[in-house]
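These notes concern the structure reproduced below.
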2 protein chains.
Amino acid sequence: MALPEFKIAQLRHFVWVAELKGFHTAAEKACRTQPAISLSIRDLENKLSTVLFEKRNAKTSNTELTPFGQYFLPKAKELIAHHDNVAQDMALMSEHKTGHLRLASVPSIACRMLPELLSKFIADVPELHISFYDDNSEAVLRKVEKQQVDIGIASLPHEHEHADITFTPIWEDQLGVVCREDHPFAEVTELHWKELRKQRLIRNGTSRLLEDTEAEPLLSDSQFLISNMLSLIAMLEEGLGITTLPWFAFPKNNSKLRFIPLTTPKIVRHIGIVQLRNKSLSPAAEALASFILKNTNQDKTKDVESE
Amino acid sequence: MALPEFKIAQLRHFVWVAELKGFHTAAEKACRTQPAISLSIRDLENKLSTVLFEKRNAKTSNTELTPFGQYFLPKAKELIAHHDNVAQDMALMSEHKTGHLRLASVPSIACRMLPELLSKFIADVPELHISFYDDNSEAVLRKVEKQQVDIGIASLPHEHEHADITFTPIWEDQLGVVCREDHPFAEVTELHWKELRKQRLIRNGTSRLLEDTEAEPLLSDSQFLISNMLSLIAMLEEGLGITTLPWFAFPKNNSKLRFIPLTTPKIVRHIGIVQLRNKSLSPAAEALASFILKNTNQDKTKDVESE
DNA sequence: ATCTATTGATAAGGATTCCTTATGGCACTA
DNA sequence: TAGTGCCATAAGGAATCCTTATCAATAGAT
């Protein structure tokens with residue numbers, strides 16, 4: 001005979017009848033009528049081709065298990081417990097309350113936007129584990145492609161258009177000039193690239209944003225390249241020169257430095273969420289993506305213009 | 001939301017689709033049509049409120065799991081395995097191929113009938129564990145009452161009628177006289193109790209069967225009481241005297257001794273299966289009981305008369 | 001490019017299962 | 001001997017499952 005296939009509800013009914021010693025109380029607990037429980041138990045007995053409960057001709061009016069039923073009871077309970085564990089686990093998982101979320105982001109967003117976003121996001125999901133990596137855009141994209149990360153935050157260079165990657169733009173990050181507060185530029189509100197030619201310009205990791213723009217000549221003018229951001233800031237504070245930075249990379253609350261938008265050319269990099277095309281996100285990643293989307297839509301451009 | 005309740009078949013479908021990488025092959029394996037599998041999976045996805053399989057716009061035409069599905073797969077497999085373990089175990093149990101059977105019997109049946117019966121019974125149930133006890137009828141009954149034993153083989157004294165015990169008679173065991181082959185009785189085919197009065201009668205554990213019969217005076221005539229059966233036989237072989245024994249207690253294949261039925265009074269003890277009333281037997285015990293019944297019905301009386 | 005074969009999704013109907021209300025039978029109680 | 005509490009049974013409706021038939025999309029072949 002083929003192995004029977006138990007239904008979880010059926011097993012629950014059995015356990016309840018056994019433990020509450022009665023069909024009526026079990027029916028109550030199961031939110032069913034008593035005949036439903038009767039049929040359920042009978043079906044189970046047929047599957048096992050054995051009787052589970054003694055016939056009630058005993059003096060005690062309680063329904064009692066047969067030896068076979070006693071043998072079955074603990075196993076049924078274990079099976080139910082196992083099922084419920086899995087069900088609960090999967091429910092938590094699909095409500096992204098648990099699981100593992102791997103995230104990579106470019107440093108500027110990581111410093112400026114993510115701290116607040118992530119702390120809000122994880123506020124009500126204490127069981128969710130998050131692995132975070134920060135790196136430049138290409139590295140972030142690479143991690144996404146290699147599935148080392150579930151979701152990435154980066155800008156999308158043109159050479160990546162071909163890849164199996166979906167890009168959802170979120171932030172617009174405008175390039176500007178950074179100088180010390182006592183620099184003549186500190187007082188102006190916008191700058192033309194040609195105004196920079198007389199200045200001592202320090203290149204940095206973000207300088208290649210100037211490539212393919214009319215301001216490209218600045219790159220060859222430049223004498224310095226400082227790729228480490230902390231060193232760069234220190235040099236700028238020292239008055240060694242000026243540099244160009246995207247707004248998000250400009251350190252927040254820095255009192256010694258000023259950020260002046262570059263208006264000609266206006267260079268904007270679009271930063272957004274990067275994920276593998278044709279691959280669904282885990283519920284947690286999905287939740288984070290929509291959370292970011294929801295919590296940034298309204299101030300997408302304001303962030304750039306304000307302050 | 002209440003926890004979802006998975007169906008085992010549904011989980012199987014999921015695992016098959018995942019492992020065979022396709023709905024059609026899974027449907028084949030499940031002996032269902034492809035739409036059935038589609039619906040089954042969709043139902044599961046609704047329960048989990050998540051998608052399990054990537055949409056098939058990928059270049060590879062194989063259906064692939066989502067990360068969530070990958071996380072679910074091993075758990076689903078474990079749950080199915082657990083279920084099947086229990087189902088298999090219970091199936092074996094209900095076919096009495098496994099489990100534990102505790103049996104007590106009076107020694108005569110234990111020696112004369114059970115060896116053959118049990119060896120036949122266990123021939124095709126190698127996983128069944130049997131615990132066997134032999135003792136006199138009262139002790140057997142006590143073990144049954146105390147549920148130290150699932151089933152007993154004994155005769156039912158009158159003082160036990162009241163108890164919660166069911167008795168199914170199987171064998172009729174006739175009392176007879178045992179003497180050495182060179183004794184004058186050895187040649188006769190039946191005896192009257194009065195013929196024993198001139199003999200040296202040895203009492204034994206079974207002698208109380210004579211109580212409440214017209215042959216009761218024999219008990220007070222008797223000079224010896226030997227309760228150990230082996231010693232008793234040795235004494236008889238030595239020609240020390242004669243005794244009364246039920247036929248089943250008379251050692252099989254003993255060439256020195258003879259058994260002569262006592263015809264007046266004809267004393268018969270009924271031996272049968274003893275079990276607790278209102279308590280079902282385990283499948284193994286049930287099987288043994290009906291096995292014994294089936295394999296002894298036809299020669300119930302023949303055993304007593306023959307040889 | 002068109003055709004074909006294969007894949008999964010969808011719709012509609014029938015079959016099955018599940019659960020309900022109503023009722024029956026049995027044992028214990030008063 | 002009627003009453004009460006328990007489970008079993010019967011019959012009908014509701015929900016579920018599974019089928020056939022069809023669609024839509026893709027990949028490979030001609």
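Proteins come first, then strands; the chains are lettered A, B, ... in the order of their sequence lines, and each starts at number 1.
Atom CD1 in A:Ile37 sits roughly 13 Å away from atom P in C:dT21 (whole-Å rounding). Rounded to whole angstrom, the span from the CG atom of B:Asp43 across to the P atom of C:dA9 amounts to 14 Å. In this entry the distance linking CD of A:Glu64 with P of D:dC6 reads 15 Å, nearest Å. A straight line from CD of A:Gln10 to C1' of C:dC19 spans 14 Å, rounded to a whole angstrom. Here D:dC7 presents its C1' atom at 19 Å from CZ of A:Arg32, a figure rounded to the nearest Å. Rounded to whole angstrom, the span from the CG atom of A:Leu39 across to the P atom of C:dA22 amounts to 17 Å. Regarding A:Gln34, its CD atom lies at a distance of 16 Å from the P atom of C:dG25, rounded to whole Å. If you measure from atom CD of B:Glu54 to atom P of D:dT26, you get 15 Å, rounded to the nearest angstrom.
Look at B:Lys21 and B:Glu54 and you find no salt bridge, because none of the NZ, NE, NH1 or NH2 atoms lies under 4.0 Å from a carboxylate O.
Side-chain proximity of A:Ala36 to D:dA8, C:dT7, C:dT20: nearest is C:dT20. Of the listed nucleotides (D:dT19, C:dT20, D:dC7), C:dT20 has the atom at the smallest distance from the side chain of A:Thr33. Among the nucleotides D:dT19, D:dA10, C:dT10, the one closest to any side-chain atom of A:Pro35 is D:dA10.
Aromatic ring orientation, B:His83 versus A:Phe6: perpendicular (interplanar angle above 60°, classes split at 30° and 60°).
Look at B:His24 and you won't find any side-chain N or O under 4.0 angstrom from OP1 or OP2 of C:dT6.
A distance of 14.0 Å separates CD1 in B:Ile271 from OG1 in B:Thr168, rounded to the nearest 0.5 Å.
Between A:Phe53 and A:Phe14, the ring centre distance stays below 6.0 Å.
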